Amino acid sequence: MELRDYLALLRSHWLALVATTVLGAALAFGWTALQPRVYTADASGFISTGSSSSLAEASIGDSYAKARAASYVDIAKSRAVAEFVIADLGLDTTPTELVRDITVTNPMQSVTIKVSADAGSPEEASALANAWLLGIVHQVTMIENEGSVDDIGASGEGDSIVRLVPIDSAELPTSPSSPNVRLALAIGALLGLVIGLAYALVRRVVDRRVRTVDGIERELGVPVLGAVPTNKRLSSGDRLGAAQFDAFLGRGPAGEAGVTESFRQLRTNLRYMNVDDPPRVIVVTSPLPGDGKSTVAGNLAIAMAASGQRVILIDGDLRRPTVATTFGLPEGAGLTDVLIGTATARDVAHPVGVDRNLLVIGAGNTPPNPTELLGSQRMHRLLEALSEQATVLVDAPPLLPVTDGAVLAAGADGALVVAASNRTTYEQLARALGDLERVSARSLGVILNRVSTRTGESMGYYRYDDAARETSAAKR
């Protein structure tokens, strides 16, 4: 994946990422609310070797004190010190349990002993730290005086030159040391974000629906001739006719500029596909029903006719015809009547638009054998005859459910395959293209339909709304 793929992934799943991040932080906050509050108090002592009359003696004493400090840390964690504290504070606990709440360190291997005590309240933590330091002093004094309490004087000092002297008593902590709410929130939010990213990546791997032009070209190696943005009017199945011609002639509302420009671009791409021998009979199909092929075929026909080309649009979907309804044509004779010889193409062709550059032929009555009719010699001769007068667009049935679309494409100059963004899968599109290849039909390319403008797909259409508004404002 490239950087822009990751950015597209973040844009398409930003809501899930925000939700999982917030949820992770909320769960972390809930966890901290359920945890017991722990307060930590610190007390410290200094190891003294007495006064020195020279620098050499002071240096030796300091080195000796540092050496003794390491052993004092072990003494500080002993059962004897814990029993002293229990007796001093009158605690109802065992030495083993009490030692778990104490941390004794020798910071930076200095001559200082630091005691940290954890408890459920500030008062208990402070009292425990001070008592534990006194317990260490008591135990060290006994050891340095060869275990004889009787040798300790009234001042608490014995004959040893090494003494542990309390220097900082524990103060009342103002806030709990555990749980750390800020740290918990940060970790919860980070874990939520990671889960959200994992979800987005899994969705990308599992969800094989096409969404971008680059994705189709990279996955399947086929050209994408156009990308049609999502539009409420197109999705609602509104009738096509004079209003749509006005839009393609630049007389429509600014909100339609993105749609009309996408079909203009598709028209241009088809025109320059083969300058010496441009396709004259083009089948418009899709992998499955509902991908929008009929709407694309109708709008493409209008876009070509609006540029002055003569175009004939034929409804070749004899199973579920929609072209006559879309253009508001009268029900009755159509393609099937021409194929069985009861009417001519001139009889069933309906001109659309002021310039009459577009002729629309409906499907007619539904036959019992649509595949045979569409693959007949009469159909082939009809398309050949019409292509001498105009560019012929055939709205064909979808490729995967039935073979009608492939049969039509085999007798045409090429086929345009319409894929619906966020609906058609790569596998479905690949199978549809494979069906065309098996009947030796030429695939002109793919049209990506219903592309969300929020994804910023790089076909240029999504900025034309703004351009149209700017042009309109400049004219005023």
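Note that this is a predicted model, so its numbers are computed, not measured.
- The shortest heavy-atom contact between A406 and V439 is O-CG2, 3.6 Å.
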Checklist line | Test log, rule side-chain hydrogen bond (donor to acceptor under 3.5 Å, both in side chains), inputs T103 and S116 | finding: CA-CA 5 Å; T103 301; S116 298; 5.8 Å; no
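- Expressed to the nearest 0.5 Å, how far CG of L400 lies from CG of L288 amounts to 5.0 Å.
- Of all heavy-atom pairs between D337 and G364, the closest is OD2-CA, 4.2 Å.
- In the displayed structure, Q35 atom CD is contacted under 6.0 Å by more than 12 heavy atoms of other residues, nucleotides or ligands.
- Residues M379 and V338 have side chains not in contact (no heavy-atom distance under 4.5 Å, counting atoms from C-beta outward).
- In terms of heavy-atom proximity, A129 sits nearest to A170 at CB-CB, 3.7 Å.
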Checklist line | Trace of the side-chain hydrogen bond (donor to acceptor under 3.5 Å, both in side chains) decision for S294 with T322 | finding: CA-CA 7 Å; S294 298; T322 60; 3.2 Å; yes
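- By the 4.0 Å N-to-carboxylate-O rule, K293 lies too far from D291 to be salt-bridged with it.
- One finds the NE2 atom of H13 at 11.0 Å from the CG atom of L197 (value rounded to the nearest 0.5 Å).
- Here the closest heavy-atom approach between residue L318 and residue P370 is recorded as CB-CB, 3.9 Å.
- Inspection of the R208 and T424 side chains reveals no N or O donor paired with an N or O acceptor under 3.5 Å.
- Counting heavy atoms from C-beta on, the side chains of V311 and V392 never come closer than 4.5 Å.
- Around CZ of R37, the count of heavy atoms belonging to other residues, nucleotides or ligands within 6.0 Å exceeds 12.
- Taken to the nearest 0.5 Å, the CG atom of D413 stands 7.0 Å off from the CG atom of D277.
- Within the 4.5 Å cutoff, the side chain of T326 has no heavy atoms near those of the T295 side chain.
- More than 12 non-hydrogen atoms from other residues, nucleotides or ligands lie less than 6.0 angstrom from CD of E217.
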Next item on the list: Apply the test side-chain hydrogen bond (donor to acceptor under 3.5 Å, both in side chains) to residues S307 and R264: give CA-CA distance (whole Å), side-chain angles for both, the deciding distance (0.1 Å), then the verdict.
Entry: CA-CA 9 Å; S307 68; R264 289 194 191 102; over 6 Å; no
Next item on the list: Assess whether salt bridge (charged side-chain N to carboxylate O under 4.0 Å, His left out) is satisfied between R319 and D404, documenting all intermediate values.
Entry: CA-CA 9 Å; R319 300 174 189 268; D404 301 9; 2.7 Å; yes
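- Ionic pairing of D118 and R100 is not present here: no N-O contact between side-chain nitrogen and carboxylate oxygen is shorter than 4.0 angstrom.
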Next item on the list: Run the numbers on R203 and D207 for salt bridge (charged side-chain N to carboxylate O under 4.0 Å, His left out), then give the verdict.
Entry: CA-CA 5 Å; R203 279 289 301 272; D207 188 358; 3.6 Å; yes
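- Rounding to the nearest 0.5 Å gives a distance of 5.5 Å between CG of L98 and CG of L128.
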Next item on the list: Would you check, one step at a time, whether the test side-chain hydrogen bond (donor to acceptor under 3.5 Å, both in side chains) holds for R310 with N357?
Entry: CA-CA 5 Å; R310 290 185 57 81; N357 287 331; 4.8 Å; no
